[in-house]
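Have a look at the structure below, then the notes.
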Amino acid sequence: MTSVAHPMVMEGVQLMLIGMGTVFVFLTLLVVAVRTMSALILMYFPPVPIQTNKAVVTAEGVPRAHVAAVAAAIEKHRGSQAP
Amino acid sequence: MTSVAHPMVMEGVQLMLIGMGTVFVFLTLLVVAVRTMSALILMYFPPVPIQTNKAVVTAEGVPRAHVAAVAAAIEKHRGSQAP
Amino acid sequence: MTSVAHPMVMEGVQLMLIGMGTVFVFLTLLVVAVRTMSALILMYFPPVPIQTNKAVVTAEGVPRAHVAAVAAAIEKHRGSQAP
Amino acid sequence: MELFEQLWAGSGLAQISYGQAAMIAISLLLFYLAVAKKFEPLLLVTIGFGGLLSNIPGVEIATGDGLLHLIYMIGIETGAFPLLIFMGVGAMTDFGPVLANPKTFMLGAAAQFGIFATLLGAVAISSLGWMDFSMNQAAAIGIIGGADGPTAIFVAGKLAPELLGAIAIAAYSYMALVPIIQPPIMRALTSERERAIEMVQLREVSQLEKIIFPLLLLLLVAFLLPSAAPLLGMFCFGNLMRECGVVDRLADTTRNALINIVTIMLGLGVGSKLQAEIFLTMQTLGILVLGMFAFAIGTASGVLMAKLMNHLSSSPINPLIGAAGVSAVPMAARVVNKVGLEANSQNYLLMHAMGPNVAGVIGSAVAAGLMIMLVGS
Amino acid sequence: MELFEQLWAGSGLAQISYGQAAMIAISLLLFYLAVAKKFEPLLLVTIGFGGLLSNIPGVEIATGDGLLHLIYMIGIETGAFPLLIFMGVGAMTDFGPVLANPKTFMLGAAAQFGIFATLLGAVAISSLGWMDFSMNQAAAIGIIGGADGPTAIFVAGKLAPELLGAIAIAAYSYMALVPIIQPPIMRALTSERERAIEMVQLREVSQLEKIIFPLLLLLLVAFLLPSAAPLLGMFCFGNLMRECGVVDRLADTTRNALINIVTIMLGLGVGSKLQAEIFLTMQTLGILVLGMFAFAIGTASGVLMAKLMNHLSSSPINPLIGAAGVSAVPMAARVVNKVGLEANSQNYLLMHAMGPNVAGVIGSAVAAGLMIMLVGS
Amino acid sequence: MELFEQLWAGSGLAQISYGQAAMIAISLLLFYLAVAKKFEPLLLVTIGFGGLLSNIPGVEIATGDGLLHLIYMIGIETGAFPLLIFMGVGAMTDFGPVLANPKTFMLGAAAQFGIFATLLGAVAISSLGWMDFSMNQAAAIGIIGGADGPTAIFVAGKLAPELLGAIAIAAYSYMALVPIIQPPIMRALTSERERAIEMVQLREVSQLEKIIFPLLLLLLVAFLLPSAAPLLGMFCFGNLMRECGVVDRLADTTRNALINIVTIMLGLGVGSKLQAEIFLTMQTLGILVLGMFAFAIGTASGVLMAKLMNHLSSSPINPLIGAAGVSAVPMAARVVNKVGLEANSQNYLLMHAMGPNVAGVIGSAVAAGLMIMLVGS
Ligand code: NA
Ligand code: NA
Ligand code: NA
């Protein structure tokens, strides 16, 4: 079959090899980079143990979640002034 | 009054006749088309009788409306990933 | 120091004087204009005394606030048709 | 003290013309009407502000590299903004009432007589030498009778951009004045008894009918009058997004964020045509007078057509609903409802009037397509 | 009666070609698939409507000064719309699953074999004389195998704009067909036992990791493959806005109003390439066939790669999740979940499949960058 | 293996310059400040990302046909984006506090001294030969003292586009640094007793006053200083939409979807001016130093003016509120409140400081108009 020797097919094969090679190399490096990042973050910023959720209440007897929600709403309102 | 014979007035009259004629023909055809469509739809997809609304509840005892609302919310969330 | 006599510096000083002058004149006029406006408005449209808020209820026994909210919602819906 | 001279020469007081002062006053009047009287505020506030900005002397806002000129060039000269507004209106429109009673489409046809009568009027007063409107201008003025803002702006942008400001102002002002212009005409042409006619309740229209209708309409346009396809195409697109049930997030944005953004831009862009030297002409006066006639004639023909249909039809038709055929959605339908209630306190015509109301949108878009094809080419 | 002749000559019936009629039928078919079958409705409704408008005879909509042509020029020829969509998709994407199990990135690599195999296929049938695709066109067709709409449109706009309509239709259609195309391939390449494999639960990923990831990815792109930077840059930008926690109002608008507006425009713009004379060619047929192969090969290579990784890895990997590497987010991951549940009713693979799923987006953007650099220059 | 060479030649590692690497580091620093320190995140995240993309070697993003270059040309070179942001800010701004106590407008005037002093400083160091700023550039740098991002970008775009990146970075950075820069100056210029002064409660302002104010302001601008009309016009337009009560849906979109979309685009566009070869110059260093002085001088003149007014006025004025006259809305007002509370724990100055705060926006827009007229022409 002479068609395999067709220059465009040759170029296509080359593109496929280089293309898949590059994709694999790129994503392999990404795996390495992500693993390194996660390891560094876990080392320097270890996750805080999750708090048990026993209806945390502020000094004034208001559920903290409410306070947080209100605070967030205020902050959001303020934040909207920014640009 | 010779002004009525003014060529622009003649053209205006012509435009009015043709214009109103076309508008009427178009909307008449639309009426016919819509009637045909509705008839065909009523023939092939007869309306489902409206369900009596006696607080349909699922097997688990949750009002179906709630289930539907939750399902819709989930679907909406998923749908939002689409483009 | 001859540099003070530099023509660009002279122009800068001039710009500063004219600039601050204009800013002050402009905002002074704005103060005057705003005071005049407020005085005229207070004269011709005196503020309505604030109503005491004793849970105003309509004839049908529905809290007026609800009626207003519903009316606003309807109006909003209608208004949205406008452009 | 050369800078001082420059400062004075650059001030508005040194440069303002009488025309600009007058236009600023007119813009303030538009705000008053929009805010205090609630006259089509979405457009009159934005057009009014555009007009205000366009008449500030000595600064490029509505000309050259100014923002309003850019907006005009990008969005109005190309026709993009009116088309996008039409898409948004499509996404807001419920064709249910007219599909339930398709013969009311005919009322949307009859009311377009206002358009063509006004065209003829504009041509006539030009031939009498009282004014000087070209055929293109006469056609653009006629469209005011369509009582549909974006259609009027679209046609004016194509046929007579120099009149766009006056035409848009006239169209939106008269749409706002519908509650004042229409009732006397409606009462004059109908008897108390006719106004009291109650209509049979509309049937429920299925979702499938609502989905297929915009496609059907567009196909009819494509086969018969392609020149109406840009306007009605975008209208049908918006409506299809609304009804098809699978792209609700797009329909939502279309009738909210997108139409709001485009409305602001459209208003500013139209306002850029309120520059004194363009707007303050005798032609503007002529346009305001002719526009008023257009509305009145459209209302009358709608009512007369409805009377005729009431005679011919088996089910009763209240002639008042013909007045809604001019469009001016949803104001005209509400006026019909109000006048109907005066004659018969049990007579709720709102939904019946919504049919001719949206049919009027289609009718004037068809008329617009015709004008562009027959006059514009 | 010259005006009558003009009216008839201007009508669609007098002007329509067989091709236009066929394209109108195809557009209606797209609506049917979108609405009744829920096939990628956001794009197929908008593209379909664009196609409908583009095939209305005798009116400039998709050509000249028409709105759809303007939209195409402004948003697609420049690449702006696909990039903005990518930003929005970034603002919607949660990289948590793939960060919890980074080796699943490799599955996103493997599935890109569909792209290059299809390129080779297109070149081969050209060299055999069966079709006539240039290298640029072959590359653009290959990208259909990336199963990612905006990437395909972006690449086609750069390398082969004349094929853009067919490529977009093929890409979105096959993405919608994923539940039909993939399962047989997945079942053929795996044993019942493999499909039943349960995977260990994913760890919680911290917010800091999620914030740093888009920057890390972009830096890697910048240093290794800058030609992928426009696509992946906008994607990372959207994702950074989502995760960084201080610009939530921007992220919100990006994944709602902005992406919706751009989706509407993108659909209409792509639809403008569905004009009969551009679309109805043998090449379109070739593209549809090749696109199908691209999907099938991508699925197969993903599954095979996952099998290999399962052998090499200490923790078990269900080979099915490899199929999600083609992207088609989130449809492919849901299909994996469904096929997994058939083999083992306790086997919820959805989150595990989301990893390769988003990795596939990155993989095909990398492939797209490569194509543009190596072929396009 | 020609393709391999092409691949390597196209990689970032082969092409990156030291300058680009430095700019990438600076962009990452901007993210750190925005995310970890909450420094004006809406702008620093978007500008930072634009900077990152602009310094990726070997790909057209901030140049040629690249998306960021298009955004810059369309939105910043024309001035459209800063003007639209101003419209949005107008739709967010409540003029109530300043209308209740109009003499605080004067504090917004005094704080603009920072602008002109900095202009003079830039001119002086140029005449000393230490740097080389033209008069246009000096004016654009001075505007940093206005503490108002869109105003600075608008003026820089008109007078010195080559410095736009550095000026925008300086303006937003110092706005973020207000809580650090201002308090020492405020404490140095006031006694403990002055800082403890309580002010009389502000009267309620009627809606009518709030509606008329933007029109009054615009008319004053039109008659006195038309060159400030683009900026203040759009600001007044947004405010009128907010207050007039009849176009709430437009005002809502203006301060949400629209301003968010434009903020993203503005940030990316400004970021396109962070290319190494444009940004990494001695001038940038000079701008950063001068910008700091501008802020400090503005703060000081505001406080001194407030001291003077306290002496002259019948009702007591706390001199701290003068510092809010630089604008930097709403950060500067919050800083005033905090410093006031330190001296007197019952002293809530927030609402009193909001008056000079919004007056400062008007003041610097006036100064901007002056600069453009006197220097730019
Ligand atoms: Na109409
Ligand atoms: Na992919
Ligand atoms: Na300021």
Side-chain angles (χ1 to χ4, degrees), chain B residues 1-53 65 68-83, chain D residues 95 98-100 102-113 115-117 119-124 126-129 133-135 138-139 142 203-206 208-209 212-213 215-217 219-221 223-225 228 246-250 301 359 362-364 366-367 369-371 374-375:
Chain B
M1 257 175 74
T2 52
S3 70
V4 172
H6 192 290
M8 221 169 108
V9 174
M10 286 297 292
E11 203 184 330
V13 170
Q14 237 186 17
L15 261 175
M16 186 165 89
L17 294 177
I18 291 192
M20 282 309 291
T22 310
V23 169
F24 265 106
V25 168
F26 186 89
L27 285 165
T28 308
L29 286 173
L30 190 58
V31 172
V32 173
V34 165
R35 286 222 166 110
T36 312
M37 171 191 79
S38 292
L40 288 174
I41 287 175
L42 279 171
M43 195 183 306
Y44 293 106
F45 305 93
V48 187
I50 296 155
Q51 294 169 14
T52 52
N53 202 348
V70 171
I74 292 169
E75 195 51 43
K76 188 172 176 188
H77 176 72
R78 285 173 177 166
S80 71
Q81 290 279 34
Chain D
F95 279 112
V98 76
L99 294 180
K103 65 172 165 286
T104 54
F105 273 122
M106 302 316 294
L107 299 171
Q112 309 314 320
F113 188 62
I115 292 178
F116 295 100
L119 182 158
L120 191 58
V123 163
S126 298
S127 74
L128 289 172
F133 293 119
S134 70
M135 184 54 87
R203 72 173 175 93
E204 192 75 17
V205 172
S206 73
L208 188 56
E209 287 170 88
I212 291 180
F213 175 70
L215 295 171
L216 192 69
L217 172 55
L219 289 179
L220 213 59
V221 168
F223 289 132
L224 296 184
L225 197 64
V246 291
V247 295
D248 288 345
R249 57 178 293 165
L250 301 185
S301 10
I362 297 174
S364 39
V366 167
L370 266 170
M371 297 288 202
L374 297 179
V375 178

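Hydrogens, waters and symmetry mates play no part in the numbers below; they use all other heavy atoms, side chains included. Remember, predicted model here, so these are calculated numbers, not experimental data. Lettering of chains follows the sequences in order, A, B, ..., and the numbering in each one begins at 1.
- Each of D:Val205, D:Leu216, D:Leu99, D:Ile115 has some count of heavy-atom pairs under 4.5 Å with chain B, and the biggest count is that of D:Leu216.
- The distance from atom CD1 of B:Ile41 to atom CD1 of D:Ile212, rounded to the nearest 0.5 Å, is 4.0 Å.
- Contacts between D:Val221 and chain B at a heavy-atom distance below 4.5 Å involve backbone atoms as well as side-chain atoms.
- Both the backbone and the side chain of D:Leu208 come within contact range of chain B, judged by heavy atoms closer than 4.5 Å.
- Between B:Val31 and D:Met106 there is a side-chain heavy-atom pair separated by less than 4.5 Å.
- In terms of heavy atoms, D:Ala109 sits closest to B:Met20 at O-CE, 3.6 Å.
- D:Phe133 approaches B:Met8 most closely through the heavy-atom pair O-CE, 3.1 Å.
- Nearest heavy-atom pair, D:Phe213 versus B:Met37, reported as atom, atom and distance to 0.1 Å: N-SD, 4.0 Å.
- For D:Ser134, the part lying under 4.5 angstrom from a heavy atom of chain B is the backbone only.
- Counting heavy atoms from C-beta outward, B:Phe26 and D:Leu217 have side chains that approach closer than 4.5 Å.
- Counting only heavy atoms from C-beta outward, the side chains of D:Leu374 and B:Ile18 approach each other to under 4.5 Å.
- In this structure, the side chains of B:Leu29 and D:Phe105 stay at 4.5 Å or more apart for every pair of heavy atoms.
- In this structure, D:Leu370 and B:Val23 have side chains that are in contact, with non-hydrogen atoms separated by less than 4.5 Å.
- Between D:Pro102 and B:Arg35, some side-chain heavy-atom pair lies under the 4.5 Å cut-off.
- Listed here is the closest heavy atom pair of D:Ser127 and B:Val9: OG-CG2, 3.3 Å.
- Interface remark: D:Leu220 contributes backbone and side-chain atoms alike to the contact with chain B (heavy atom separation under 4.5 Å).
- Using a 4.5 Å cut-off between heavy atoms, D:Leu219 makes no contact with chain B at all.
- The nearest pair of heavy atoms linking D:Met135 to B:Gly12 is CE-N, 3.9 Å.
- Between chain D and the residues B:Val13, B:Val34, B:Leu30, the most heavy-atom pairs under 4.5 angstrom are made by B:Leu30.
- Of the atoms belonging to D:Ala110, heavy atoms from both backbone and side chain fall under 4.5 Å from chain B.
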